[in-house]
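The model shown is predicted, which means the values in this text are computed figures rather than measured ones.
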Amino acid sequence: MKFHVLFKSSTSITLELENKDICETKPYKLFVNQKLYLEDTKNVISIFSLQPQTAYTLLLDMNGDQEELVVVTEEEYVCLNVKDLGATGDGKTNDTAHIQGCILSCPNKGRVYFPKGEYYTGPLFLKSNITIELAEGAHLIGDIDRNHYPILPGMTYTSDEKDEYNLGSWEGNPIDCFASILTGIHIENVNIIGEGCIDGNAQNSDWWVNVREKRLAWRPRGLFLNHCKNVVLQGVTVTNTPSWNLHPYFSEHLKFLDLKLINPKNSPNTDGCDPESCNHVDIIGVHFSVGDDCIAIKAGKIFMGRKYKKPSENFIIRNCSMNYGHGAVVLGSEMSGGIKNIKVTQCFFNQTDRGLRIKTRRGRGKDAIIDGITFENIKMNDVLTPLVVNMFYYCDPDGHTEYVYSKDKLPVDDRTPYLGKFVFKDIECENVNVAAGTFFGLPEQPIEAIHLENIMFNYSNNPKEGLPAMMDGLEKMSGRGLIFNYVKKVELKNIVFNNFSKQEVEKIFVDQFSRN
């Protein structure tokens, strides 16, 4: 039994067990300096309330199989308690100014500490080179009055009128949006840690009312990171957010570790984590239970994609549990800058509409390239359609136009997206309903390659009916197999269908096909 350190701060450590188990393993005990700290089964765990620059002996014991590791926490210059700077934490008094003052007063290698309490607050702006710690029982409670939220302009001309400065973003476009409860603008080397909670309080406001109507600006997120670097979220819970829980934007070297991202199943647009045009992102040991996609990797709509050509790339998603919502791991549909080199492994998908989902459409552009995608060692339960790749995704005001839905072979031009190679392997799907998988390429730009290996589809006794993909011209279906439409190369190895009597594989315009 092996384990390693994923991250350490001045007062916390996150560990990951080295195995192939999905999210959880056999029961074990963790000792810190020979004292029992916890008994658990999770592959990713965190230790809190440690002292800065101190050596700790960690011993993991799984029924006599032991592994020991010595870890030294990071150094720290000073710790500022928000209550010492006037915050009340009584859940009623608006603590925004006191907390913001504490953050701005914190020096490099300092820590802003929230003891147990309910801190009613508007948006807080982060600064570089500090740690924010929410202790167990410390809750940030979002202000319910949108008039108290600063507005981040989508685009502002620079003083020489030669360029534009982008602050706000909404669904892939540079549009005015409200600042989020935690907002980072061009910051770096920031840790947000602890056992506390960031509660957007949307259920007690009007954030979830008339959500397609812009009122002053578009809705805030739980956390918004704009052009940030070296940011870690560890341990905290994010819940009841007005829209997406976490929105990293044009940022790099990010770690989201051992988090809980929780929203009601019927809450609108409450995606879990939506990195947009980001590089080197680790999402490890995160529990999702949300009202929309759990993870949606994005890279902007056509304006941002063409202007900046900034893909989302080099992601690791591991040991995560995705529950409810529309999709578990989703790529797109705002991906005009491209998505590359994504690996998803050791994850569990439970009762999502779709499992591994790629969505794009004509109009995303020639830079909208998705390639180098691997999904492996995954279990799904009650996922309506486990695998979906769709190049006819109907979204946006023009989503139902003939240009988007046409099944004719149109010219390949600057508006045409591209899907490269996708590898799906070592996957077990229980209670399949609508279809095992649907793969719809464009007649003029087929999907390059689909490789499926060691996958078991166990069908529900009474499969539900539904649309496997959001595209015009597709009828509802139930209990279907694998459907390939406009794919250059399909490779199937050891694919098993249980409790199934229909056609296992349907091929329309597939250039190369092999199955063994």
>> Check for me whether the distance between the ring centres of Y308 and F250 falls short of 6.0 Å.
In response: yes
> For Y149, is the NZ or CZ atom of R146 found under 6.0 angstrom from the centre of its six-membered ring and inside 45 degrees of the ring axis?
Replying inline: no
>> Quick one about N201 and D199 (side-chain donor to acceptor, distance below 3.5 Å, no hydrogens or angles considered), yes or no?
In response: no
> Taking atom NZ of K464 as the centre, does the number of heavy atoms from other residues, nucleotides or ligands within less than 6.0 Å exceed 12?
Replying inline: no
>> Whether K265 and D292 form a salt bridge (side-chain N of Lys/Arg under 4.0 Å from carboxylate O of Asp/Glu) is what I want to check.
In response: no
> Should the pair E75-K109 be classified as a salt bridge under the 4.0 Å nitrogen-to-oxygen rule?
Replying inline: yes
> Short question: side chain of T96, backbone of G122 - any donor-acceptor pair under 3.5 Å?
Replying inline: yes
> Sub-3.5 Å donor-acceptor pair from the side chain of T416 to the main-chain atoms of D414, do we have one?
Replying inline: no
>> Whether E16 and R318 form a salt bridge (side-chain N of Lys/Arg under 4.0 Å from carboxylate O of Asp/Glu) is what I want to check.
In response: yes
>> One thing to verify: whether D293 and K359 come together as a salt bridge, which I'm taking to mean a side-chain N less than 4.0 angstrom from a carboxylate O.
In response: yes
>> One thing to verify: whether E76 and K8 come together as a salt bridge, which I'm taking to mean a side-chain N less than 4.0 angstrom from a carboxylate O.
In response: no
>> Check this for me: does any side-chain nitrogen of one of K255 and D282 sit under 4.0 Å from a carboxylate oxygen of the other?
In response: yes
> Checking S336 side chain against R364 main chain: does a donor-acceptor pair fall under 3.5 Å?
Replying inline: yes
>> I'd like to know if the side chain of D258 and the backbone of I284 have a donor-acceptor N/O pair within less than 3.5 Å.
In response: no
>> Taking the six-membered ring of Y403 as reference, does the cationic atom of R415 (NZ for Lys, CZ for Arg) lie under 6.0 Å from its centre and within 45° of its axis?
In response: yes
> Above 12 or not: heavy atoms from other molecules or residues under 6.0 Å from NZ of K83?
Replying inline: yes
>> Please determine whether side-chain contact (heavy atoms from CB on, under 4.5 Å) holds for the pair L58 and I47, giving the CA-CA distance in whole Å, both sets of side-chain angles, and the decisive distance to 0.1 Å.
In response: CA-CA 10 Å; L58 311 180; I47 307 167; 3.9 Å; yes
> Would R219 and N269 satisfy side-chain contact (heavy atoms from CB on, under 4.5 Å), going step by step from the backbone distance to the final call?
Replying inline: CA-CA 10 Å; R219 286 174 285 156; N269 309 112; 2.6 Å; yes
> Are W170 and F178 close enough that their ring centres sit under 6.0 Å apart?
Replying inline: no
> Are the side chain of T385 and the backbone N or O of V434 linked by a donor-acceptor pair below 3.5 Å?
Replying inline: no
> Between E133 and R111, is the closest basic N to carboxylate O distance under 4.0 Å?
Replying inline: yes
>> Using only atom types and a distance under 3.5 Å, with no angle test, would you say the side chain of W218 pairs donor to acceptor with the backbone of E213?
In response: no
>> Determine whether L50 and I13 satisfy the following criterion, side-chain contact (heavy atoms from CB on, under 4.5 Å), listing intermediate values before the conclusion.
In response: CA-CA 9 Å; L50 304 177; I13 300 169; 3.7 Å; yes
> Quick one: are the ring centres of Y119 and F114 less than 6.0 Å apart?
Replying inline: yes
> Could K301 and E334 be called an ion pair, given the rule that one side-chain N must be under 4.0 Å from one carboxylate O?
Replying inline: no
>> Could you check whether any side-chain N or O of D95 sits under 3.5 Å from a backbone N or O of T88, counting only pairs where one atom can act as donor and the other as acceptor?
In response: yes
>> Looking at R221 and D271, is there a salt bridge between them, counting it only when a charged N and a carboxylate O are closer than 4.0 Å?
In response: no
> NZ of K307: more than 12 outside heavy atoms within 6.0 angstrom?
Replying inline: yes
